[in-house]
S.K.: 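Sending over a structure as structure tokens; questions will come in a sec.
Note that these values count all heavy atoms, side chains included, but never hydrogens, waters or copies made by symmetry. The sequence lines fix the lettering, A, B, ..., with proteins before strands; numbering per chain opens at 1.
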Protein chains: 2
Amino acid sequence: MVISVESVAERAGVSVSTVSRALRSVPGVSSKTRKRVQEAAEELGYSASPAASRLATGRTMTVAIVVPVLAKWFFGKTIGAATQELRDAGYDVLLYELATPEQRERFFGSPRLHGRSDGVIIMALQPGKKELESLASQGQAVALLGAEGPGIGSVSVDNVGAGRDAVRHLLNLGHERVAFIGIRDEENSNLGGVPPRQRLIGYREALVEAGLAREDILEQFDENSVAGGAAAMSRLLVAARAPTAAFVASDEMAFGALMVLRRAGLEVPRDFSVLGFDNHELCEVVGLTTMDHDVAGQGQEAARFLLDAMNGGQPKALSRPARLVVRESTAPPRSLRKNSTAPPDLPATF
Amino acid sequence: MVISVESVAERAGVSVSTVSRALRSVPGVSSKTRKRVQEAAEELGYSASPAASRLATGRTMTVAIVVPVLAKWFFGKTIGAATQELRDAGYDVLLYELATPEQRERFFGSPRLHGRSDGVIIMALQPGKKELESLASQGQAVALLGAEGPGIGSVSVDNVGAGRDAVRHLLNLGHERVAFIGIRDEENSNLGGVPPRQRLIGYREALVEAGLAREDILEQFDENSVAGGAAAMSRLLVAARAPTAAFVASDEMAFGALMVLRRAGLEVPRDFSVLGFDNHELCEVVGLTTMDHDVAGQGQEAARFLLDAMNGGQPKALSRPARLVVRESTAPPRSLRKNSTAPPDLPATF
DNA sequence: AGAGTTTTTGCAAGCGCTTGCGAACTTTCC
DNA sequence: GGAAAGTTCGCAAGCGCTTGCAAAAACTCT
């Protein structure tokens, strides 16, 4: 049960140092010796104690992944992809969920990662300067997903461009009053500057391009969830002049918006167009038009960036484009259709 | 940067052993000394090297969570809940995704967890005898979620009862040809006996109760995903005498089923009733009637069971009931309605 | 064949913490 | 006030591995 280097050394008829070197492919061991050692280890079912080798080498061969919430499709997807990549590189992954500001504070306020991991992927959380310093002082390499930092590898979506494109599409369809439903700031960050804000910027840019004025009432924010989207949409429905379309900064919120519209007796897209963001697995089910941005690819890329960083590579800030995926939740506004009573030639979903 | 026990000891004017004891609340240190040490540690920003203390104590204060897939709502939810519980108990959590049989084999075939964790929560994977032995030989305490094992703490849903209840509801509504869409076996387990099978048993029991004969064509299996559900439902639509309702063993598959029905021009629930399983976050959005079973609660419970196991407690096998949540995807079959052309007084979703 | 090289191997000193055991110090009690 | 009993603390020996350095072995070459 407790097989140590020594048992292997004895069995292979060599010293422990040779065993250590042989098993880790360190040069300086003849191939016959190496083979003999490997066989001995194999036969004994030996596997080095990670604690001991960490203590001796100072490397943990472990990385941490930090997310604001676990139970969201987006994070499941990114974590999954990142984990695969990391596992292939021989790393274990530790998971940290920072759901509340307190948890976040406790996490960054103490050397939580010190000696536990060699690096960390931070997802959808914009770390502040002190937080990054704290990580650095704990000897952590860092990679960011959905955020950016000075001299830090990061991968994110071109949110401004994606927002602009999404809204352009709605405007091109003929909509003149387009609303924006975004993720409320505090949700992801108590330090501001969280990317979804950038989708708002893209939204505004598109309006400006089209010569339309923005209106406060048309910009609604709430928590990133079905309920949040529902609440935001409800607020839109009481606007003096209701919008005919909305760009929603997350599919989950868009689902909530669709739900409210349906309950309000409005048909999508006949009476209202909804355009989401993420290309959530379930978009196809409900027919939600959305902005796709290769979620899994981002997770994988973030993992690679972290591996690079741990190997002393140059940090890169990658911004990936999003693309429109048209489904059944968007159409020209009613006013523009020849036969304003008939739904468009799309199945009437919801 | 590299503060060790010694710096703290020096600063507090005591020996390293006292520091060690003071900081870990080990008895045998006077409260004044302890306080002094704590202050010194605080001022220095000291935090013990986990590798060193693991090596010395043999405990890792880490647990592993093993899941078949990460990017699924169910697992995000259970992992999230379990993680919270474990963190509160002072444990870190390592994540392992065993997506393919090969990964599974490699994981259990080598002492992967040896010295990395003190225990493991295995979710929705039925470990075989050798696998459990392997874990035991690696010194791992084990807790199961959605599976069972001899002498092992486990929490799962009463799948047979839940399946029975679900189908009873459909039968009570007046359906006479009720289909079952289940999760294909290989998906979760290359060792058979995976719980979803039990939902099939419940389905059959309900049929027997009602004096109905089961038919192979009405029992469809596919992968646990939207696409899988869609495929299974498609197969149902070509049955000689099509069913009027289906109990689907997972909400995600049910979503796929709904999608196919919609595309086939069938309206739910007017033409077809669908009853899912899990009470997925998005059920409310699409109006899916389903069986709820407190997913987060199960994750939490599994974590507690593991903590118990690591503290030498008695293993308990907990089976929790599921409850029907009625939404808009179920209704009496068309044949039973007075006005067979008008939809029921439910909003026509999908 | 023997000196000079290069390769392979072993010794032993850590890595930073925990803990059994005995020494030193306090408190208690007669 | 002193011995007995109880506390608090420090010493030093690990925990199981890695690695610099030197010794041994295996080759090279003249």
S.K.: Between the base of D:dG10 and the side chain of B:Arg21, is one N or O donor paired with an acceptor at under 3.5 angstrom?
M.R.: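 Looking at the base of D:dG10, it does pair with a donor or acceptor on the side chain of B:Arg21 (distance under 3.5 Å).
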S.K.: Can you tell me if B:Ser53 touches the phosphate of C:dG16, counting only side-chain N or O atoms and a distance under 4.0 Å to OP1 or OP2?
M.R.: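 Indeed not, no polar side-chain atom of B:Ser53 lies that close.
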S.K.: With a cut-off of less than 4.0 Å, is there a side-chain N or O of A:Arg24 near OP1 or OP2 of D:dT19?
M.R.: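 Indeed, a polar side-chain atom of A:Arg24 lies that close.
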S.K.: With respect to the side chain of B:Ala56, which nucleotide from D:dT19, D:dG14, C:dT19 is positioned closest?
M.R.: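 The listed nucleotide nearest to B:Ala56's side chain is D:dG14.
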S.K.: Whole-Å distance between C:dC17 C1' and A:Arg54 CZ?
M.R.: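 Roughly 15 Å, once rounded to whole Å.
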S.K.: Salt bridge between B:Arg112 and A:Asp92, side-chain N to carboxylate O under 4.0 Å?
M.R.: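 Result for this pair is yes, salt bridge flagged.
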S.K.: Salt-bridged, B:Arg320 to B:Glu301, with N to O below 4.0 Å?
M.R.: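 Salt bridge present between B:Arg320 and B:Glu301.
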S.K.: Distance check needed: D:dC9 C1' versus B:Leu23 CG, whole Å only.
M.R.: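 Going from B:Leu23 (CG) to D:dC9 (C1'), I get 16 Å.
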S.K.: Would you please say whether a donor-acceptor pair under 3.5 Å links the side chains of B:Thr33 and B:Ser30?
M.R.: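 B:Ser30 and B:Thr33 do have a side-chain donor-acceptor pair below 3.5 Å.
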S.K.: At less than 3.5 Å, do the side-chain atoms of A:Ser17 and the base atoms of C:dC11 form a donor-acceptor pair?
M.R.: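 Result: at least one qualifying N/O pair found.
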S.K.: When you get a sec, tell me which of D:dT19, C:dT9, D:dC11 is the closest nucleotide to the side chain of A:Ser20?
M.R.: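 Comparing D:dT19, C:dT9, D:dC11 against the side chain of A:Ser20, the answer is D:dT19.
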S.K.: Just the rounded figure in Å: distance from P of C:dT7 to CZ of A:Arg34.
M.R.: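 The distance from CZ of A:Arg34 to P of C:dT7 comes to 14 Å, rounded to the nearest Å.
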S.K.: Under 4.0 Å between a side-chain N or O of B:Ser30 and OP1 or OP2 of D:dC9?
M.R.: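 The answer is yes; a side-chain N or O of B:Ser30 sits under 4.0 Å from OP1 or OP2.
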S.K.: Let's see if you can work this out: which of D:dC17, D:dT19, D:dC9 has an atom nearest to the side-chain heavy atoms of B:Val29?
M.R.: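 Side chain of B:Val29 sits closest to D:dC9.
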S.K.: Rounded to the nearest Å, what distance is computed from the CG atom of residue B:Leu55 to the C1' atom of nucleotide D:dG14?
M.R.: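 Interatomic distance, CG of B:Leu55 to C1' of D:dG14: 9 Å.
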S.K.: Strictly below 4.0 Å: does A:Thr33 bring a side-chain N or O up to OP1 or OP2 of C:dT9?
M.R.: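 For C:dT9, OP1 or OP2 has a side-chain N or O of A:Thr33 closer than 4.0 Å.
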S.K.: When B:Ile122 is tested against each of B:Ile65, B:Val67, B:Leu135 for side chain to side chain contact (heavy atoms under 4.5 Å, CB included), which residue passes?
M.R.: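 One option only clears the test, and that one is B:Leu135.
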S.K.: Does OP1 or OP2 of C:dG10 have a side-chain N or O of A:Ser15 closer than 4.0 Å?
M.R.: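 It does, given that an N or O in the side chain of A:Ser15 lies less than 4.0 Å from OP1 or OP2 of C:dG10.
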S.K.: On DNA chain D, does the nearest nucleotide to A:Ser4 precede the nearest nucleotide to B:Gly28 from the 5' side, or the other way round? Give the residue.
M.R.: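 On the 5' side of the pair lies B:Gly28.
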S.K.: Whole-Å distance between D:dT18 C1' and A:Glu6 CD?
M.R.: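 For the pair A:Glu6 CD and D:dT18 C1', the rounded distance is 14 Å.
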S.K.: If each of A:Val14 and B:Ala52 is mapped to the nucleotide of DNA chain C with the nearest heavy atom, which maps nearer the 5' terminus, i.e. the 5' end?
M.R.: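 Nearest-nucleotide comparison on DNA chain C picks A:Val14.
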S.K.: Measure the distance from CD on A:Glu10 to P on C:dT9 and round it to the nearest whole Å.
M.R.: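 It works out to 18 Å between those atoms.
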S.K.: Can B:Ser117 and B:Gln140 be counted as having a side-chain donor-acceptor contact under 3.5 angstrom?
M.R.: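 Side-chain D/A pair, B:Ser117 to B:Gln140: present.
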S.K.: Please confirm whether the shortest side-chain N or O distance from B:Thr18 to OP1 or OP2 of D:dG10 is below 4.0 Å.
M.R.: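 So the side-chain polar atoms of B:Thr18 do come within 4.0 Å of the phosphate oxygens OP1 or OP2 of D:dG10, strictly under.
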S.K.: Tell me: NZ of B:Lys32 to P of D:dC9, nearest whole Å?
M.R.: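 Taking atom P of D:dC9 as the reference, NZ of B:Lys32 is at 8 Å.
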